[in-house]
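Working notes, beginning with the structure itself.
What you see is a predicted model; the values in this text were computed from it and never measured.
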Amino acid sequence: MTEDKKTLFIDDKEVEFTNEPNVLEVIRKAGLNVPTFCYRPDLTQYGSCRMCVVEIEGRGIQSSCTMPPEAGLRIHLNTEKTRRIRKTVLELLLANHDRECTTCDKSGHCELQKYSEEYGVRDIKFPTLQKEDFLPLDTSNPSIVRDPNKCILCGACVRACTEFQGHSILGFANRGSKTLVQPMAGRDFAKTDCIYCGQCQAVCPTGALTIVSDVDKVWKDITSKDKKVVAQIAPSIRVALGEMFGLEPGENSIGLIIAALRKIGFDLVFDTNFAADLTIMEEATEFIQRLKSGENLPIFTSCCPAWVKYIEQSRPTFLKNLSTCRSPLSMLSPVLRELLPKYFEGYTKENLSVVSIMPCTAKKVEINRCQLEHCGIQDTDFVLTTQELGRMIKEAGIDFKHLTPETADSPFGQYSGAGTIFGASGGVAEAAARTAYEFVTGEELKEVDIVQFRGTSDRSKTIELDLKGTKVVVRVVSTIVEAEKALREIEDGTANFQMLEVMACPGGCVNGGGQPYSYNDTTIKAKRAAGLYKEDSGLKFRKSHENPDIKKLYAEFLKEPGSHKSHELLHTTYEDLFKGSYRDLK
């Protein structure tokens, strides 16, 4: 072995390693695996579940997720001891678990279910949890259901909340056999400072945390003769939904999604990419106005509802910095409600049911903001996450992979590449920069790809732009932990940026709380983002202001960005400390 080459042995096979943080990652790099519940590559190492144990010559049984690799180690994955330990762990967990798997929302995606099958667990030697021992479900949160009877105490949700969002909404309570993961002080989920990002349930290996489902409500509207049901599809859905049907992460399936929605029974299908272009028209205009006046800078993006809720409830002194622009979802819905009755016979504001397909669990809360209604009618009726739409497609018996791709309905059917990249961290800022450059300089931006904004692994990026002599610095962050660092820079006077783009989920909407589960594969969000940039690069129009349908909407209805009508339909207000901003969702 040369001096600069480090190797160890896995089941007597020599394996090279470099900067892997632990033995588990070396094992996976070698194309092998050991099971784990508590380990998530994006979170700190925890080592509580003991499922990933391996046997190391001279060191005995060790947890592979907490042990750093060392040259010369001889590791054995499936000895009699390691198999016995893993099977015992599974039996202990199952003994204290609600095993009604067929009615569990995570059935088919549950890691406890998966490993129990793989290890052939058929009998449990230990006393099992009885119905009278079950704890009540917590259904108070409008986005997440908490079932303590399915929790295996892996702690992944606790770490995700703390390490991604800087919160401690969930934590361990009690000791020994009475240990629970619950909201602090045993409060209802809804009575905490939860921002509804859904990352807790995204890392949960069992059905202890799941998404509140609106599938049955949407089916009811679809089957109603009195409803006209329309759908809008967020940018990142196209590169994620296909995973639920065997497509590769990042493969663009937007044409299949549109076809599936029509087969399900939606009357019209629109692409939220159009509204992302609309958002850029308004946001770029607002940013330029603030840049000229020097007021309320830096401007904060307002597309992420988890970020907006964080500002409202935890940092209200920064409310003035939030862009007044609604998110693309909340822009398109009132446009549809206002204009579809003018374009299509039989459509009224009252009989229209607007369903938004989103990667985000916090969007379920956003649509209930009191500011997002007109004349007592809620702009958006329901939000379905990517997971929920996948279930509807399966329930409808649709062979998704073999559908003939279809296109979205007009008159809001065209979109630019700028609208597409909204789904990745940095995408909003890059899209805004493309339009702002041409608005400010009056010249064509020839280098459309501003790659400094891109990347899902770095959660904080600072980019300097030159708008033909006007220097603009943009900070792009994902997770509230990184956003809070930026806020502190503003407070202490060291911030040098004029725009702050924030997405609460690591990597942006491609990794949203409602996307298909990726668990231990950290490459998936990058592949999804790459799929968005690939579509962007191949589109005829790559800047929001070039979109012909956007031009037509302004010419015939909105007049110009920032107009009175634009502010009426496309902008919003915020409230200090979350008072009165949302409906009573209980």
Side-chain angles (χ1 to χ4, degrees), residues 275-304 307-308 310-312 315-328 330-331 371 418 422 426-445 450 452-453 461-477 483-503 543-545 550 554 558-576 581:
D277 283 335
L278 193 56
T279 302
I280 289 302
M281 296 295 289
E282 295 295 321
E283 192 167 74
T285 300
E286 182 185 17
F287 175 54
I288 292 168
Q289 290 171 347
R290 292 198 193 187
L291 204 58
K292 289 178 178 177
S293 69
E295 296 179 352
N296 298 331
L297 290 174
I299 188 173
F300 299 166
T301 59
S302 53
C303 297
C304 174
W307 160 239
V308 170
Y310 177 75
I311 291 292
E312 284 189 317
R315 298 299 235 130
T317 56
F318 287 104
L319 286 173
K320 65 183 183 300
N321 295 89
L322 277 170
S323 167
T324 63
C325 293
R326 299 179 177 206
S327 70
S330 294
M331 283 195 180
Q371 295 95 330
F422 255 60
V428 177
E430 181 176 351
R434 294 178 186 179
T435 289
Y437 180 88
E438 297 195 2
F439 278 9
V440 169
T441 67
E443 297 182 359
E444 180 185 1
L445 176 66
I450 312 175
Q452 304 96 303
F453 286 110
K461 299 180 281 287
T462 302
I463 302 95
E464 184 174 316
L465 303 173
D466 185 352
L467 305 183
K468 200 178 179 183
T470 301
K471 301 290 185 182
V472 175
V473 180
V474 181
R475 177 73 58 82
V476 172
V477 302
E484 182 59 34
K485 293 176 184 176
L487 297 183
R488 290 173 186 168
E489 287 183 32
I490 298 171
E491 287 178 324
D492 63 25
T494 60
N496 65 339
F497 49 89
Q498 290 81 45
M499 173 182 279
L500 176 64
E501 182 206 288
V502 178
M503 294 187 180
K543 302 161 192 169
S544 297
H545 56 282
I550 290 289
Y554 277 104
L558 296 174
K559 306 307 178 188
E560 62 182 5
S563 68
H564 175 75
K565 194 64 178 179
S566 292
H567 271 278
E568 181 184 345
L569 288 183
L570 310 179
H571 291 252
T572 189
T573 58
Y574 308 103
E575 294 196 33
D576 189 348
S581 291

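- Remark: Ser566 OG to Met331 CE distance equals 8.5 Å, nearest 0.5 Å.
- The shortest non-hydrogen separation linking Ala418 to Ala431 is O-CB, 3.5 Å.
- Annotation: side chain of His571 is in contact with side chain of Cys325 (closest heavy-atom distance under 4.5 Å).
- To the nearest 0.5 Å, the span separating CD on Glu501 from CD on Glu283 amounts to 9.0 Å.
- Residues Ile450 and Leu465 meet the side-chain proximity criterion, which asks for heavy atoms closer than 4.5 Å.
- Residues forming a salt bridge (Lys or Arg N to Asp or Glu O under 4.0 Å) with Arg326 (at least two apart in sequence, or on another chain): Asp379.
- Partners of Thr285 by side chain to side chain contact (heavy atoms under 4.5 Å, CB included), not counting sequence neighbours, listed by chain and number: Gln289, Phe439, Pro561.
- Residues Ile550 and Leu278 are in side-chain contact: their nearest non-hydrogen atoms beyond the backbone lie under 4.5 Å apart.
- Residues passing the salt bridge (Lys or Arg N to Asp or Glu O under 4.0 Å) test with Lys565 are Glu338, Glu568, sequence neighbours excluded.
- With sequence neighbours excluded, the residues that form a salt bridge (Lys or Arg N to Asp or Glu O under 4.0 Å) with Asp466 are Lys471.
- Arg488 pairs by the side chain to side chain contact (heavy atoms under 4.5 Å, CB included) definition with Arg315, Glu484, Glu491, not counting sequence neighbours.
- The backbone N or O of Leu558 lies less than 3.5 Å from a partner atom in the side chain of Ser563, making a donor-acceptor pair.
- Partners of Glu560 under the salt bridge (Lys or Arg N to Asp or Glu O under 4.0 Å) rule, at least two apart in sequence or in another chain, do not exist in this structure.
- For Thr317, there are no side chain to side chain contact (heavy atoms under 4.5 Å, CB included) partners at least two apart in sequence or on another chain.
- Pairs of residues two or more places apart, or lying in two chains, that qualify as salt bridge (Lys or Arg N to Asp or Glu O under 4.0 Å) and include a residue from residues 289-301 are Glu286-Arg290.
- For the pair Thr573 and Gln371, the tightest heavy-atom approach, listed with the atom from each and the gap, is O-NE2, 3.2 Å.
- Not counting sequence neighbours, the partners of Ala275 by the side chain to side chain contact (heavy atoms under 4.5 Å, CB included) test are Thr272, Pro328, Leu332.
- One finds the OG1 atom of Thr435 at 7.5 Å from the CG atom of Asp277 (value rounded to the nearest 0.5 Å).
- Put simply, CG on Leu487 and CG on Asp492 are 11.0 Å apart, with the number rounded to the nearest 0.5 Å.
- Side-chain contact between Tyr574 and Val308 is present, with heavy atoms from C-beta onward closer than 4.5 Å.
- Of all the heavy atoms in Tyr437 and Lys468, the pair that sits closest is CE1-N, 4.1 Å.
- Contact of the Phe287 side chain with the Val440 side chain is not registered, since no non-hydrogen atoms from C-beta on lie closer than 4.5 Å.
- Remark: side-chain polar atoms of Glu464 are not paired, donor with acceptor, to backbone N or O of Val473 under 3.5 angstrom.
- For Tyr310, the ring pair (Phe, Tyr, Trp, His ring centres under 6.0 Å) partners are His167, not counting sequence neighbours.
- You'll find the side chain of Glu312 reaches within 4.5 Å of the side chain of Leu319, heavy atoms only.
- Rounded to the nearest 0.5 Å, atoms CG (Asn496) and CD1 (Ile490) are 10.5 Å apart.
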Stepwise side chain to side chain contact (heavy atoms under 4.5 Å, CB included) check, Phe318 with Leu322: CA-CA 7 Å; Phe318 287 104; Leu322 277 170; over 6 Å; no
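- Residues passing the side chain to side chain donor-acceptor pair (under 3.5 Å) test with Thr279, sequence neighbours excluded: none.
- We find the CD1-SG distance between Ile280 and Cys303 to be 7.0 Å, quoted to the nearest 0.5 Å.
- The minimum heavy-atom distance linking Ala284 with Ala432 is given by the pair CB-O, 4.3 Å.
- Counting only heavy atoms from C-beta outward, the side chains of Pro298 and Asn321 approach each other to under 4.5 Å.
- Here the shortest heavy-atom pairing between Phe422 and Met503 reads O-CE, 3.2 Å.
- Listed by chain and number, the residues in a side chain to side chain donor-acceptor pair (under 3.5 Å) with Glu438 are Lys543, His545 (sequence neighbours excluded).
- Across every non-hydrogen atom of Ala429 and Val474, the tightest pair is CB-CG1, 3.9 Å.
- No side-chain heavy atom of Gln452 sits under 4.5 Å from any side-chain heavy atom of Val476.
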